[in-house]
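Accompanying notes for the structure given below.
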Amino acid sequence: MRYFLAIIGGGPAGYTAAEKASKAGKDVILFEQNALGGTCLNVGCIPTKSLLYGAKQYYNATHAQKYGVAAENVTFDFAAMQKRKTIVVRKLVAGIKARLNNDHCTVVNGFAKILSPSESEANGLCSFSEQSERSYCVECNGLLYEAQYIMICTGSTNFVPPIPGIKDNPAVWDSTDALAATELPKSVIIVGGGVIGMEFATLYHELGVPVTVIEAMPSILPNLDPEVVQILLDKYRKAGINILTSTKVESIDGNTVKLSTSELLSTFNSQLSTLSAERILVSVGRRANLQGLEALNGLELERGAVKVDGFCRTNLPNVYACGDVTGKIMLAHVASHQAEVAVSKMLNDQMVNDQMVNYLAIPSVVYTNPEIASVGLTENQAADMGFTTEIRKLPMTFSGRFMAENEGETGLCKLILDAEKQTVLGVHCIGNPCSEFIAAASFAVRKGYTVAEMQQVVFPHPTVSEILHEVLH
Ligand code: NAD
């Protein structure tokens, strides 16, 4: 059978594309070597959020005195938290299966490999002649499949940096190992103070595990607004999380890391240039998965990822790529949005540039406590792009609801405006639950709303979202 679309990878990009194209009546085949749902559902967003929620319940129960509540003998059961996480994941994966259960969608479990034109011609199934309509040929589990379009949604895997002693070291974990563990480590060193590093730092700290974070850059979360990050840094350091910035891991020996850092040497004596913990969690970024694509001769890459345009088209005809494999912004909601745009383009070539993926209007959230949520340009990025900016900012305490529910916290909401046009270029918040209202700011950034237009939006009272209204005055 010849399919309209063959999708390689069943994460948020792949399953969104499969659902959209098959519901439009196109015959789709989706290949997934592991479980449907990809990294996000199985070993990323959902399991971490499930565990973080459990940790937050425990932390809140043991820190409730400030709200007039005293709870004694509060305990937690990490194995039970893990069990609940597994059930949440299982239910969501079943939901994806149900969404793909239609007459136009076939799901194949196995590793898929795209065949070269010569391999395809040899088996006589797929045609690459100039005259005929183009086809690609995919092999999986020893069977061959032909498709008019290919969508590469193969995702990414944890990057293992070339640090001596890291490979085959049982003390070293990546985020997948940490999520699978049935017991908490007694202590942990986290290498990389990015999004994964800071979310695991939050999880372990809230469950009482001593945490050290080692970050090579001068600040943790180096891509976010520095003022917002500083608030988190101050709070976490005060709470006892040991955060070492401008610090590099030179080598690992068993469960001891050797560090080199000007900051460390100026703060402590040189004996402190080694640190030990039961586990060393390495979270220094992810890399695109390119296995199975080798035969796509001439596929253009950019910084180790598949290069795509605003409609997620690669340089090869009828070949699209979506999600982490494109190396754009490695977030599940970027992957699913890219897939929606890509399938729309496949089905309707008349789409205009305004309908391309706008990477400047992608919201992102870091699930620390307090949460950080942002969208659009930071002050520095806006300046680099030549904007003259106007900054408006307020502590979150200007929201009555925030005051009622966030004792001892100040938070921040910061707006980056184009000073000349008065349009919203970026919004950066820290304070719970800013993850829940950053989408409102995304509208403003995506649509290029002016301050006056945003002021027409009514926010319900009392909600923390009102800070977006307050900060405009
Ligand atoms: P990241 O790029 O966010 O952070 C990696 C950090 O490691 C950076 O701060 C970097 O400076 C630091 N680093 C690199 N090499 C180092 C070294 N040798 N020693 C010390 N520090 C070093 O990557 P991540 O945290 O691994 O996350 C991977 C991807 O997953 C990101 O794109 C992230 O956005 C995504 N993710 C998103 C969420 C979310 O949306 N809430 C959650 C988890 C992961």
Side-chain angles (χ1 to χ4, degrees), residues 11-12 38-53 155-166 172-179 189-203 212-224 226 229 232-233 242-252 257-261 263-264 275 280-289 303-305 323-337 359 362-375 430 433-436 438-439 442:
T39 300
C40 169
L41 223 64
N42 296 289
V43 288
C45 326
I46 301 300
T48 35
K49 265 78 263 176
S50 302
L51 292 179
L52 276 167
Y53 192 73
S156 64
T157 35
N158 286 312
F159 173 61
V160 182
I163 297 173
I166 203 170
V172 173
W173 275 354
D174 64 14
S175 58
T176 307
D177 300 320
L179 285 170
I189 292 171
I190 298 176
V191 184
V195 186
I196 294 183
M198 293 318 297
E199 290 189 357
F200 274 99
T202 305
L203 173 74
T212 295
V213 177
I214 297 166
E215 168 56 52
M217 302 290 283
S219 171
I220 55 167
L221 300 165
N223 298 327
L224 299 184
V229 171
L232 185 78
L233 194 55
N242 185 21
I243 300 177
L244 304 175
T245 51
S246 301
T247 303
K248 277 192 184 144
V249 175
E250 295 294 332
S251 60
I252 303 178
V257 294
K258 193 171 175 195
L259 308 173
S260 71
T261 161
E263 187 180 271
L264 185 78
L275 284 175
I280 299 156
L281 170 56
V282 177
S283 52
V284 295
R286 296 178 65 86
R287 292 293 178 272
N289 288 332
R303 291 192 300 274
D324 285 6
V325 75
T326 66
K328 291 282 188 190
I329 306 176
M330 289 190 179
L331 296 173
H333 47 280
V334 173
S336 51
H337 179 60
Y359 293 100
I362 302 291
S364 73
V365 176
V366 189
Y367 292 86
T368 43
N369 189 7
E371 298 169 348
I372 296 176
S374 53
V375 62
I430 181 166
C434 58
S435 61
E436 288 300 334
I438 195 67
S442 301

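Each residue takes its place number in the sequence, starting with 1. Ligands are counted one by one from 1 in listed order, and the atoms in each one are counted from 1 as well.
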Counting heavy atoms under 4.0 Å, the part of Phe159 that contacts ligand 1 is neither
Starting from atom 42 (C) of ligand 1, find the nearest protein heavy-atom neighbour and note its residue, name and distance.
-> Val195 CG1, 3.4 Å
Enumerated ligand 1 atoms positioned under 4.0 Å from heavy atoms of Ile214 = 20 (C), 21 (N)
Atom 7 (O) of ligand 1 [closest protein heavy-atom partner, distance rounded to 0.1 Å] = Gly192 CA, 3.4 Å
Side-chain heavy atoms of Thr202 within contact of Tyr367, under 4.5 Å | no
Distance-only N or O hit between ligand 1 and Val365, under 3.5 Å | yes
Tell me which protein heavy atom sits closest to atom 44 (C) of ligand 1, plus the residue, atom name and distance to 0.1 Å.
-> Ile196 CG1, 3.3 Å
Atom 15 (N) of ligand 1: of Leu224, Val284, Val282, the nearest heavy atom sits on Val284
Are more than 12 heavy atoms from other residues, nucleotides or ligands located less than 6.0 Å from atom CD of Glu436?
-> no
N/O to N/O below 3.5 Å, does that happen between Gly285 and ligand 1?
-> yes
By side-chain hydrogen bond (donor to acceptor under 3.5 Å, both in side chains) - contacts of Asn289 (at least two apart) | Thr157
Under 4.0 Å to a heavy atom of Tyr367 - the qualifying atoms of ligand 1, by number = 41 (N)
Between the candidates Ala216, Pro162, Gly197, Ser156, which shows the shortest non-hydrogen contact distance to atom 20 (C) of ligand 1?
-> Ala216
Do Val282 and Asp174 touch side chain to side chain, with heavy atoms closer than 4.5 Å?
-> no
Check each heavy atom of Pro161 against ligand 1 and say whether those closer than 4.0 Å belong to the side chain, the backbone, both or neither.
-> neither
Check each atom of ligand 1 against the heavy atoms of Met217 and keep those under 4.0 Å away; list them by number with element.
-> 11 (O)
Heavy-atom pair with the smallest gap, counting every atom of Ser283 and Gly192 = OG-O, 3.3 Å
Residue pair Asp324 / Met330: nearest heavy atoms and the distance that separates them | OD1-CA, 3.3 Å
Protein contact of atom 40 (O) of ligand 1 - nearest heavy atom, named by residue and atom, plus distance = Leu331 CD2, 3.2 Å
Met198 versus Ile372: any side-chain heavy-atom pair under 4.5 Å?
-> no
Identify the protein heavy atom lying closest to atom 29 (C) of ligand 1, giving its residue, its atom name and the separation to 0.1 Å.
-> Arg286 CD, 3.9 Å
Scanning both residues in full, the closest heavy-atom pair of Ala373 with Val365 reads CB-CG2, 4.1 Å
Do ligand 1 and Glu199 have nitrogen or oxygen atoms that lie under 3.5 Å from each other?
-> yes
Please write down residue, atom name and distance for the protein heavy atom closest to atom 1 (P) of ligand 1.
-> Gly194 CA, 4.2 Å
Protein contact to atom 32 (O) of ligand 1 [nearest heavy atom, distance to 0.1 Å] | Met330 CB, 3.3 Å
Is it the case that more than 12 heavy atoms not belonging to Lys248 sit under 6.0 Å from its NZ atom?
-> no
Quick check: does any side chain N or O of Thr212 sit under 3.5 Å from a backbone N or O of Ile189, one acting as donor and the other as acceptor?
-> no
Test of proximity, Val191 against ligand 1: N or O pairs below 3.5 Å | no
4.0 Å heavy-atom contact, Pro222 with ligand 1 = yes
If we only count heavy atoms from C-beta on, is the Ile430 to Cys434 side-chain gap below 4.5 Å?
-> no
For atom 11 (O) of ligand 1, the protein heavy atom that lies nearest, with its residue and separation = Glu215 OE2, 2.6 Å
With distance as the sole test, does Thr247 use its side chain to make a donor-acceptor pair with the main-chain N or O of Thr245 at under 3.5 Å?
-> yes
